Amino acid sequence: MKTVYNFSAGPAILPKSVLEKAQSELVNYQNSGMSVMELSHRSSLFETIIQKAETLLRELMNIPDNYKVLFLQGGASLQFTMIPLNLANNKKALYVNTGSWSKKAISEAKKIDNVEVEVIASSEDKNFTYIPEVKREDIPQDAAYVHITTNNTIEGTTFYDLPDTGDVPLVADMSSNILSINYNVADFGLIYAGAQKNIGPAGLTVVIVRDDLIGQTDVLSAMLDYDIQAKNDSLYNTPPTFAIYMAELVFEWIKELGGVAQMEKLNTEKAKLLYDEIEQSDLFSSPVDPKFRSINNIPFVTGSDELDKKFNQEAVEEGFENLKGHRSVGGMRASLYNAFPKEGVEALVAFMKKFEAENGGNN
């Protein structure tokens with residue numbers, strides 16, 4: 001099998017050792033004679049899996065006891081609706097607009113009749129290439145929450161310093177940098193993340209929510225009610241069992257490597273390799289303000305659509321998959337999640353040097 005480096009923004013690369021362990025257990029899990037995919041979600045075997053997954057995640061993220069951990073479905077996109085439904089009944093919901101996913105979250109919240117949505121800061125004026133300042137005086141203290149996207153997968157920006165929201169809960173879409181940057185969970189009222197970047201396969205969504213924020217209102221549907229999901233230990237209906245099993249294996253892998261702080265250190269080192277090459281290059285450049293550059297999703301361009309297209313075509317031939325930038329941005333994007341190997345970044349840098357030597361700098 002040829003070496004392929006998968007730079008996909010999601011579904012993304014998984015640790016090889018995790019895949020191999022899942023492969024070894026695929027047909028006969030724990031001598032049950034059944035695959036994990038065949039286990040009843042009410043069985044003791046699966047209850048052990050989901051309980052261990054929660055225990056490991058609590059340990060890795062130092063989640064306080066007064067927070068619920070939920071394993072749900074529907075992706076981060078369903079949370080765009082669940083959050084205002086559960087937290088903002090007849091209240092104002094505040095949003096910081098830092099890119100494509102923030103805009104979608106804002107759009108979905110606006111569809112709910114009894115929720116007033118206000119955008120309190122935005123970086124749209126500079127094509128989302130920076131993180132805007134969020135001033136505490138702009139946050140009415142009777143608001144339901146302030147929503148941020150901690151890492152903007154498409155635009156390549158990150159909140160490294162969290163805004164001071166006073167007594168207003170901070171809600172975060174952490175889909176593309178959960179378990180990659182060592183945030184303090186107690187600084188948030190609610191964290192949510194689609195699993196398919198740093199946690200496991202697509203189909204699972206993790207929600208971490210402070211328990212005083214749930215059960216405060218009647219919600220349209222039991223499936224959309226955090227309180228009901230929490231009281232049923234994420235087993236109100238059949239959960240994505242195999243995705244939860246895979247997440248548990250990934251949590252074990254992160255713990256064995258040294259935890260989230262070690263992940264952040266390794267990811268910073270990987271990102272630095274690529275950013276250093278971009279900075280010294282006469283051909284490639286980053287559109288993002290250096291203070292806010294993501295260590296997980298790194299967009300870069302040549303300045304020429306024709307050369308970008310040529311680079312992406314030749315990259316595929318060399319075994320670099322999914323480097324093409326998001327269709328709304330263009331250029332290239334390297335997604336360097338926890339499982340992405342350092343040697344893959346080194347190989348990309350070598351290819352960039354070769355491409356520049358053959359095509360010349362034009363910046």
Side-chain angles (χ1 to χ4, degrees), residues 63-64 66-68 70 76-152 155 157-175 177-178 181 183-193 207-220 224-227 229-230 289 291-292:
I63 299 172
N66 63 322
Y67 284 72
K68 304 294 186 186
L70 307 177
S77 293
L78 185 58
Q79 295 307 308
F80 299 162
T81 300
M82 284 185 72
I83 289 163
L85 277 179
N86 283 265
L87 273 57
N89 185 32
N90 294 315
K91 289 186 178 180
K92 183 177 284 189
L94 309 178
Y95 285 77
V96 181
N97 183 12
T98 52
S100 301
W101 292 110
S102 297
K103 290 174 79 170
K104 289 185 178 182
I106 292 164
S107 175
E108 292 303 301
K110 284 181 175 179
K111 294 176 182 178
I112 302 173
D113 290 339
N114 62 346
V115 175
E116 182 183 350
V117 176
E118 181 182 341
V119 177
I120 57 171
S122 175
S123 55
E124 193 164 12
D125 62 324
K126 293 185 180 177
N127 203 29
F128 302 118
T129 55
Y130 71 103
I131 295 294
E133 181 183 5
V134 181
K135 298 178 180 177
R136 180 168 174 173
E137 55 264 33
D138 293 335
I139 301 173
Q141 291 299 294
D142 59 349
Y145 58 81
V146 175
H147 180 285
I148 64 173
T149 307
T150 53
N151 187 82
N152 295 282
E155 295 79 11
T157 58
T158 298
F159 276 90
Y160 292 107
D161 299 312
L162 299 176
D164 178 3
T165 60
D167 293 329
V168 179
L170 184 62
V171 170
D173 179 353
M174 210 175 276
S175 293
N177 70 346
I178 192 171
I181 289 183
Y183 291 112
N184 178 16
V185 172
D187 290 337
F188 300 85
L190 186 150
I191 292 166
Y192 66 100
V207 174
I208 303 164
V209 58
R210 208 172 67 212
D211 55 19
D212 65 300
L213 297 177
I214 64 176
Q216 303 300 314
T217 187
D218 291 328
V219 179
L220 174 69
L224 302 179
D225 190 329
Y226 290 135
D227 192 42
Q229 294 287 359
D289 185 319
K291 296 192 297 293
F292 307 109

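Note that this is a predicted model, so its numbers are computed, not measured.
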Original post:
So N90 and V115, side chain to side chain contact (heavy atoms under 4.5 Å, CB included) or not? Walk me through it.
Top reply: CA-CA 5 Å; N90 294 315; V115 175; over 6 Å; no

Original post:
NZ/K111 to CG/L85 distance, rounded to the nearest 0.5 angstrom?
Top reply: 12.0 Å

Original post:
Is any side-chain heavy atom of K103 closer than 4.5 Å to a side-chain heavy atom of N97?
Top reply: yes

Subject >> Residue pair V119 / I106, side-chain heavy-atom distance below 4.5 Å >> reply: yes

**OP:** Fit a plane to each ring of Y192 and F80, take the angle between them on a 0 to 90° scale, and name the class: parallel (under 30°), tilted (30 to 60°) or perpendicular (over 60°).
**Re:** perpendicular

Original post:
Is there a donor-acceptor pair under 3.5 Å between the side chain of T165 and the backbone N or O of V168?
Top reply: yes

Original post:
Do D161 and I131 have side chains that get closer than 4.5 Å, going by heavy atoms?
Top reply: no

Subject >> Note, D173 side chain near I148 side chain (heavy atom, < 4.5 Å) >> reply: no

Original post:
What pair of heavy atoms forms the shortest contact from E133 to A121, and how long is it?
Top reply: O-CB, 3.6 Å

Original post:
Taking everything shown except D218 itself, do over 12 heavy atoms lie less than 6.0 Å from its CG?
Top reply: no

**OP:** Drop me the distance from D164's CG to I139's CD1, to the nearest 0.5 angstrom.
**Re:** 7.0 Å

Original post:
Any side-chain heavy atom of T149 within less than 4.5 Å of one from F159?
Top reply: no

**OP:** Apply side chain to side chain contact (heavy atoms under 4.5 Å, CB included) to the pair V146 and I120, showing each step before the final yes or no.
**Re:** CA-CA 9 Å; V146 175; I120 57 171; 4.1 Å; yes

Subject >> Intermediate values then yes/no, side chain to side chain contact (heavy atoms under 4.5 Å, CB included), L78 and L224 >> reply: CA-CA 9 Å; L78 185 58; L224 302 179; 4.0 Å; yes

**OP:** Could you pull out the closest heavy-atom pair between A144 and P169, with the gap in Å?
**Re:** O-CD, 3.3 Å

Original post:
Can you check whether Y160's main-chain N or O pairs, donor with acceptor, with T158's side chain at less than 3.5 Å?
Top reply: no

Subject >> Between Y95 and Y145, ring centroids under 6.0 Å >> reply: yes

Original post:
Atom CD in Q141, atom CZ in R136: separation rounded to 0.5 Å?
Top reply: 5.5 Å

Subject >> Interatomic distance, S123 atom OG to F292 atom CZ [nearest 0.5 angstrom] >> reply: 9.0 Å

Original post:
For the side chain of Q216 and the backbone of I214, is there at least one donor-acceptor N/O pair under 3.5 Å apart?
Top reply: yes

Original post:
If every non-hydrogen atom of S122 is compared with every non-hydrogen atom of F128, which pair is closest and at what distance?
Top reply: OG-CE2, 4.3 Å

Subject >> Heavy-atom closest contact (P163 atom, V134 atom, distance) >> reply: CB-CB, 3.7 Å

**OP:** For residues V185 and P64, determine if any side-chain heavy atom of one lies less than 4.5 Å from a side-chain heavy atom of the other.
**Re:** yes

Original post:
Could you give the distance from CD (Q229) to CG (N86), rounded to the nearest 0.5 Å?
Top reply: 9.5 Å

**OP:** Kindly compute the distance separating OH (Y226) from CG (L213), expressed to the nearest 0.5 Å.
**Re:** 10.0 Å

Original post:
T81 and E108: which non-hydrogen atoms are nearest, and at how many Å?
Top reply: OG1-OE1, 3.7 Å

Original post:
Counting distance only, does the side-chain N/O of N184 pair as donor-acceptor with the main-chain N or O of A186 below 3.5 Å?
Top reply: yes

Original post:
When Y130 is tested against each of T98, D125, T157 for side-chain hydrogen bond (donor to acceptor under 3.5 Å, both in side chains), which residue passes?
Top reply: D125

**OP:** Show the numbers, then the answer: is there a side chain to side chain donor-acceptor pair (under 3.5 Å) between T129 and E155?
**Re:** CA-CA 7 Å; T129 55; E155 295 79 11; over 6 Å; no

**OP:** Please name the pair of heavy atoms, one in I112 and one in P84, separated by the smallest distance, quoted to 0.1 Å.
**Re:** CD1-CG, 3.5 Å

**OP:** Report the C-alpha distance between T217 and V219 in whole Å, list the side-chain angles of each, state the deciding distance to 0.1 Å, and finish with yes or no for side chain to side chain contact (heavy atoms under 4.5 Å, CB included).
**Re:** CA-CA 6 Å; T217 187; V219 179; 4.2 Å; yes

